[in-house]
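These notes are about the structure you will find just below.
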Amino acid sequence: MVTNAERKEHPISMRLPEADVAMIDRAAGLRGRSRTDFVREAAVRAAEDVLMENGLIRMSPEGFADFMKVLSGPATPVPGIVELVKRPAPWEPGYAAKS
């Protein structure tokens with residue numbers, strides 16, 4: 001008896017201008033990836049970004065009040081960030097690269 005196995009992969013076909021394919025191939029080569037892997041990863045990443053941007057966050061009225069209280073309160077300095085902001089930028093006088 002033959003059973004139908006669930007298909008795990010679905011082909012997607014696209015028509016792209018030659019210049020786009022050349023750019024994708026160059027970028028994929030720089031990453032050491034095949035064109036298919038590169039395009040799949042880029043498409044999935046873009047889809048995740050869209051889904052995250054449109055995600056709905058639900059919370060109770062009490063939870064929202066706590067959230068707003070934290071946002072409305074004073075900021076707590078992060079020592080590493082404070083130190084970073086005080087350092088001169090690479091193009092400013094007095095800059096010394098950290099080792």
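Since the model is a prediction, treat every value here as computed from it, not as a measurement.
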- prompt: Would you say V78 and V85 are hydrophobically clustered, going by side-chain heavy atoms of ILVMFWY under 4.5 Å?
  reply: yes
Show me the donor-acceptor pairs, under 3.5 Å and distance only, between side chains in residues 54-65 and residues at least two apart or in other chains.
unit_1	atom_1	unit_2	atom_2	d
N54	ND2	V50	O	2.8
S60	OG	E62	OE1	3.3
S60	OG	G63	N	2.9

- prompt: Quick one: are M14 and V39 in side-chain contact, heavy atoms under 4.5 Å?
  reply: yes
query: How would you list all residue pairs meeting side-chain hydrogen bond (donor to acceptor under 3.5 Å, both in side chains) that involve residues 66-82, not counting sequence neighbours?
result: none
task: State which residues pass side-chain contact (heavy atoms from CB on, under 4.5 Å) with E92; sequence neighbours excluded, sorted by chain then number.
output: P88, A89
List the atom pairs, donor and acceptor, that lie under 3.5 Å between side-chain atoms in residues 17-31 and the rest of the protein, sequence neighbours left out.
unit_1	atom_1	unit_2	atom_2	d
D25	OD1	R35	NE	2.6
D25	OD1	R35	NH2	3.3
D25	OD2	R35	NH2	2.8

query: Got a sec, which residues hit side chain to side chain donor-acceptor pair (under 3.5 Å) with R33, two or more places apart in sequence or on another chain?
result: E41
message: Taking salt bridge (Lys or Arg N to Asp or Glu O under 4.0 Å) as the cut-off, I'd like each qualifying pair that reaches into residues 74-91, sequence neighbours left out, listed once.
response: E83-R87
